[in-house]
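Notes follow once the structure below has been shown.
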Amino acid sequence: MTAVRKGEATSARMVEVMLGLIQSRGYAGTGINTVLEQSGVPKGSMYFHFPEGKEQLAERAIGRASEEFRALITETSASEPSPGRVISRVLDVLSGLLVDGDYELGCPVSVVTLEMGAHSDRLRTACALAYESWIAPVADYLVSAGLEARRARELAETVVSAVEGAMVVSRAMRDVQPMRSAARVLATLLDEAVASAGEQS
């Protein structure tokens, strides 16, 4: 392995560890020493790979979470036959992640938004970009299903907001029922919107 690839692997490992710790402990509860210990890298690696410190590492972790969820949306949109099935499948996957993590792992974007949104413009911006990266493909998918762009955007914002809220409530209750309820309501909402658009065209 070349030095460049080794460095990329090290920074990627640190990002993954940071992401997991934010999910389970929050941003404030995650110390750099813990990240280094769990990453298995020496102290000097932190400021070599992330010279701007903890915020830069968290920013990268948020970006990674953003990519993973966007990929889930894109892949599910390509494999399911209707908007209702898409949102149901996405919420099934997220519910499984909550259960598998014993409700200890929340959405890192919502965690950082609530903790740091009023204290760090850098992290607030990273979270806003993450949410936008989820809203945009949902809106694009709904446009491709026949909705007018403005209505698609409105529904996409509603979907992402409802999913985030359902995850928080499910985590608090240690029960995925709120996720299931959100899936049913959102599936009906989206399928009816698409059907209505089809009737009007």
Side-chain angles (χ1 to χ4, degrees), residues 19 22-23 26-27 58-99 101 103 105-118 120-173 175-197:
L19 178 56
I22 288 173
Q23 287 180 283
Y27 177 82
E59 184 180 45
R60 282 279 302 280
I62 292 165
R64 181 56 188 266
S66 171
E67 291 167 7
E68 291 174 355
F69 189 51
R70 184 171 65 248
L72 172 62
I73 294 170
T74 302
E75 291 165 10
T76 308
S77 298
S79 63
E80 294 292 347
S82 69
R85 285 295 307 148
V86 170
I87 194 60
S88 294
R89 177 60 185 152
V90 167
L91 280 158
D92 280 348
V93 171
L94 296 177
S95 294
L97 293 175
L98 281 179
V99 172
Y103 298 94
L105 304 180
C107 172
V109 181
S110 63
V111 168
V112 175
T113 298
L114 291 171
E115 276 192 76
M116 300 301 296
S120 168
D121 280 343
R122 179 174 191 164
L123 293 180
R124 182 198 59 74
T125 298
C127 292
L129 290 172
Y131 285 129
E132 179 58 30
S133 78
W134 303 341
I135 292 167
V138 174
D140 290 343
Y141 169 71
L142 292 174
V143 168
S144 73
L147 291 183
E148 181 269 330
R150 191 173 190 178
R151 177 60 172 158
R153 173 74 190 193
E154 180 181 64
L155 287 171
E157 290 174 345
T158 299
V159 165
V160 170
S161 299
V163 170
E164 283 287 84
M167 287 188 72
V168 171
V169 177
S170 287
R171 195 178 176 196
M173 293 183 170
D175 187 338
V176 293
Q177 183 55 49
M179 298 283 281
R180 295 192 182 114
S181 297
R184 283 195 297 272
V185 172
L186 291 173
T188 299
L189 175 65
L190 296 181
D191 283 344
E192 287 181 350
V194 169
S196 177

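Worth knowing before you read on, the calculation uses all heavy atoms, side chains too, and leaves out hydrogens, waters and symmetry mates.
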V138 vs I73, side-chain contact (heavy atoms from CB on, under 4.5 Å): CA-CA, chis, key distance, verdict: CA-CA 7 Å; V138 174; I73 294 170; 3.9 Å; yes
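- Closest heavy-atom contact between V143 and A149: CG2-CA, 3.8 Å.
- The pair E164-R171 does not meet the salt-bridge criterion, since no charged nitrogen lies less than 4.0 angstrom from a carboxylate oxygen.
- How far CZ of R85 is from OG of S79: 9.0 Å, rounded to the nearest 0.5 Å.
- Of all heavy-atom pairs between V194 and A145, the closest is CG1-O, 3.5 Å.
- Side-chain N or O atoms of Q23 include none that pairs as donor or acceptor with a backbone N or O of C107 at under 3.5 Å.
- Between atom CZ of residue R124 and atom CG of residue L129 there is a gap of 9.0 Å, rounded to the nearest 0.5 Å.
- Taking each heavy atom of A193 and L155 in turn, the nearest pair found is CB-CD1, 3.7 Å.
- Under the 4.0 Å criterion applied to side-chain N and carboxylate O atoms, E157 and R153 are assigned as salt-bridge partners.
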Verdict with supporting geometry, Y131 and T113, side-chain contact (heavy atoms from CB on, under 4.5 Å): CA-CA 10 Å; Y131 285 129; T113 298; 3.8 Å; yes
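- Shown here are the ring pair (Phe, Tyr, Trp, His ring centres under 6.0 Å) partners of Y141, two or more places apart in sequence or in another chain: there are none.
- Donor-acceptor pairing under 3.5 Å is recorded for the side chains of S181 and Q177.
- The distance from the CD1 atom of I87 to the CD atom of E80 is 11.5 Å, given to the nearest 0.5 Å.
- The shortest non-hydrogen separation linking P83 to L142 is CB-CD2, 4.1 Å.
- Considering only heavy atoms from C-beta on, L97 stays 4.5 Å or farther from L105 through its side chain.
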side-chain contact (heavy atoms from CB on, under 4.5 Å) evaluation trace for L94 with L72: CA-CA 10 Å; L94 296 177; L72 172 62; 4.2 Å; yes
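- Residues that satisfy the salt bridge (charged side-chain N to carboxylate O under 4.0 Å, His left out) test with E115, not counting sequence neighbours, are absent from this structure.
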Check against side-chain contact (heavy atoms from CB on, under 4.5 Å), R184 and T188: CA-CA 6 Å; R184 283 195 297 272; T188 299; 5.5 Å; no
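- Interatomic distance, M167 CE to S170 OG, rounded to the nearest 0.5 Å: 8.0 Å.
- In this structure, the separation between CG on D191 and OG on S88 is 8.0 Å, given to the nearest 0.5 Å.
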For residues 62-69, tabulate all N or O donor-acceptor pairs below 3.5 Å that involve a side-chain atom, not counting sequence neighbours.
{"residue": "R64", "atom": "NE", "partner": "E16", "partner atom": "OE2", "Å": "3.3"}
{"residue": "R64", "atom": "NE", "partner": "E68", "partner atom": "OE2", "Å": "3.2"}
{"residue": "R64", "atom": "NH1", "partner": "E16", "partner atom": "OE2", "Å": "2.6"}
{"residue": "R64", "atom": "NH2", "partner": "E16", "partner atom": "OE2", "Å": "3.1"}
{"residue": "S66", "atom": "OG", "partner": "S133", "partner atom": "OG", "Å": "2.5"}

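- Nearest heavy atom pair, residue R151 against residue E148, reads N-OE1, 3.0 Å.
- To the nearest 0.5 angstrom, L186 atom CG is 10.5 Å from M179 atom CE.
- Residues W134 and V159 form no side-chain contact, since every pair of their non-hydrogen atoms from C-beta on lies 4.5 Å or further apart.
- Between A156 and I135, the shortest heavy-atom distance links the atoms CB-O, 3.5 Å.
- Side-chain contact between L19 and I22 is absent, with no heavy atoms from C-beta onward closer than 4.5 Å.
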